[in-house]
Amino acid sequence: MKMTDAEIYDARKQFFNDSAGKWIDMWYRDPETGEQKKHEKDFNRLFALMPLAPGHCVLDAGCGTGVLVPYILDAIGDQGTLYELDFAENMIDLNRSLHPMKNIRFLLSDVEHAPIEEASCDIAVCFSCFPHFQDKGQAIGALARILKASGILIIAHFDSSDGINHHHKSCHAVMHDHLPDEAVMRTMIADAGFDIESFIDEKGFYYIQARKK
Ligand SMILES: C[S@@+](CC[C@H](N)C(=O)[O-])C[C@H]1O[C@@H](n2cnc3c(N)ncnc32)[C@H](O)[C@@H]1O
């Protein structure tokens, strides 16, 4: 029987809550060294592209356990502010316990209703999470609202769109979660009031950078 949108949403949230405790080992720990450096080269590439600067206010939407936190804090420094936002309470709880830094604000919320002041952020990043957002147009609209004029939206993955969509199909809880093709992404982002500055979709790396008008 076909699942309703509400059932799809609940199954997805349950999956991420159930996965929180094993998330870092599953995706980021190098099994040989035990260090959290499996994607070090990819993170270096991502953060070389992202125009972060000291003092920036940044939203890490769909943050999970906070794998981006050390990289973002390194770039924005003590004067910057970082919002770690996720709709799964187990992800946020673990993230909070791992990152006690004073300039992080933890938000348990859907990105579509991010409780952040209008025009207050310099950068909003959706890393490895955009396909999971239930209403993608509404999510981009919410991110446009909280970004300052000329603020930057980043959507990134360490896989191509084909690779991501193939991977999600094989996992029951997120089998409905799809990264739209380039034309649809471009239209959705432009319609929300952004100019697209970069669109990379290649084996092992996906990166969109867009600037709010
Ligand atoms: C694949 S995980 C990636 C987590 C983290 N960015 C990382 O790379 O380790 C996707 C994350 O998005 C979160 N998520 C999914 N839909 C969301 C929504 N509508 N609003 C906020 N967070 C959401 C999930 O709870 C999960 O933590």
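The chain is numbered in sequence order, starting from 1. Atoms within a ligand are numbered from 1 in the order they appear, just like the ligands themselves.
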Which value, rounded to the nearest 0.5 Å, describes the distance between [X] atom [atom1] and [Y] atom [atom2]?
| X | Y | atom1 | atom2 | value |
| --- | --- | --- | --- | --- |
| Phe130 | Lys136 | CZ | NZ | 6.5 Å |
| Ile8 | His176 | CD1 | NE2 | 4.0 Å |
| Asp30 | Glu35 | CG | CD | 7.5 Å |
| Ile72 | Thr81 | CD1 | OG1 | 12.0 Å |

Looking only at distances, please establish whether an N/O atom of ligand 1 is found under 3.5 Å from an N/O atom of Trp23.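 N/O-N/O distance below 3.5 Å exists for this pair.
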Looking only at distances, please establish whether an N/O atom of ligand 1 is found under 3.5 Å from an N/O atom of Thr65.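 Thr65 vs ligand 1: no N/O contact under 3.5 Å.
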Does Phe194 have Arg211 sitting over its ring (NZ/CZ under 6.0 Å from centre, angle to axis within 45°)?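 No, Arg211 does not sit over the ring of Phe194.
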Ser109 near ligand 1 by a heavy-atom separation under 4.0 Å: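 In this structure, Ser109 qualifies as a contact of ligand 1 - some heavy atom is under 4.0 Å.
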The one among Ser128, Pro131, Cys129, Gly62 that brings a heavy atom closest to atom 4 (C) of ligand 1: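 Looking at heavy atoms only, the winner is Gly62.
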Only heavy atoms count here, so choose which of Asn90, Asn17, Asp86, Leu108 is nearest to atom 26 (C) of ligand 1.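 Comparing heavy atoms across Asn90, Asn17, Asp86, Leu108, the nearest one to atom 26 (C) of ligand 1 lies in Asp86.
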For ligand 1, is any non-hydrogen atom under 4.0 Å from [X]'s backbone (N, CA, C, O), its side chain (CB onward), both, or neither?
| X | answer |
| --- | --- |
| Val67 | side chain |
| His132 | both |
| Lys13 | neither |
| Cys63 | backbone |
| Trp27 | neither |

Flag yes if more than 12 heavy atoms outside Lys148 fall under 6.0 Å of its NZ atom; otherwise flag no.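 It does: Lys148 NZ has more than 12 such atoms within range.
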Ligand-side contact atoms (ligand 1) for residue partner Ala88, heavy atom cut-off under 4.0 Å: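 Answer for ligand 1: 25 (O).
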How far is [atom] from its nearest protein heavy atom, and which residue and atom is that?
| atom | answer |
| --- | --- |
| atom 7 (C) of ligand 1 | Tyr28 OH, 3.3 Å |
| atom 18 (C) of ligand 1 | Phe133 CD2, 3.7 Å |
| atom 19 (N) of ligand 1 | Glu112 OE1, 3.0 Å |
| atom 20 (N) of ligand 1 | Val111 N, 2.9 Å |
| atom 22 (N) of ligand 1 | Phe87 N, 3.3 Å |

Side chain to side chain contact (heavy atoms under 4.5 Å, CB included) partner of Phe133, the single match among Val111, Asp177, Ile140: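 Testing Phe133 for a side chain to side chain contact (heavy atoms under 4.5 Å, CB included) against Val111, Asp177, Ile140 leaves exactly one candidate, Val111.
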Check whether any side-chain heavy atom of Val174 lies under 4.5 Å from a side-chain heavy atom of Phe16, and answer yes or no.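 The answer is yes, as the side chains (C-beta and beyond) meet within the 4.5 Å cut-off.
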Identify which one of Phe43, Tyr206, Tyr207 satisfies the ring-ring contact (aromatic ring centres under 6.0 Å, His included) criterion when paired with Phe158.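 Considering Phe43, Tyr206, Tyr207, a ring-ring contact (aromatic ring centres under 6.0 Å, His included) with Phe158 is found only for Phe43.
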Look at Asp10 together with Lys13 and state whether they make a salt bridge at an N to O cut-off of under 4.0 Å.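 Here Asp10 does not pair with Lys13 in a salt bridge, since their nearest N and O are not under 4.0 Å apart.
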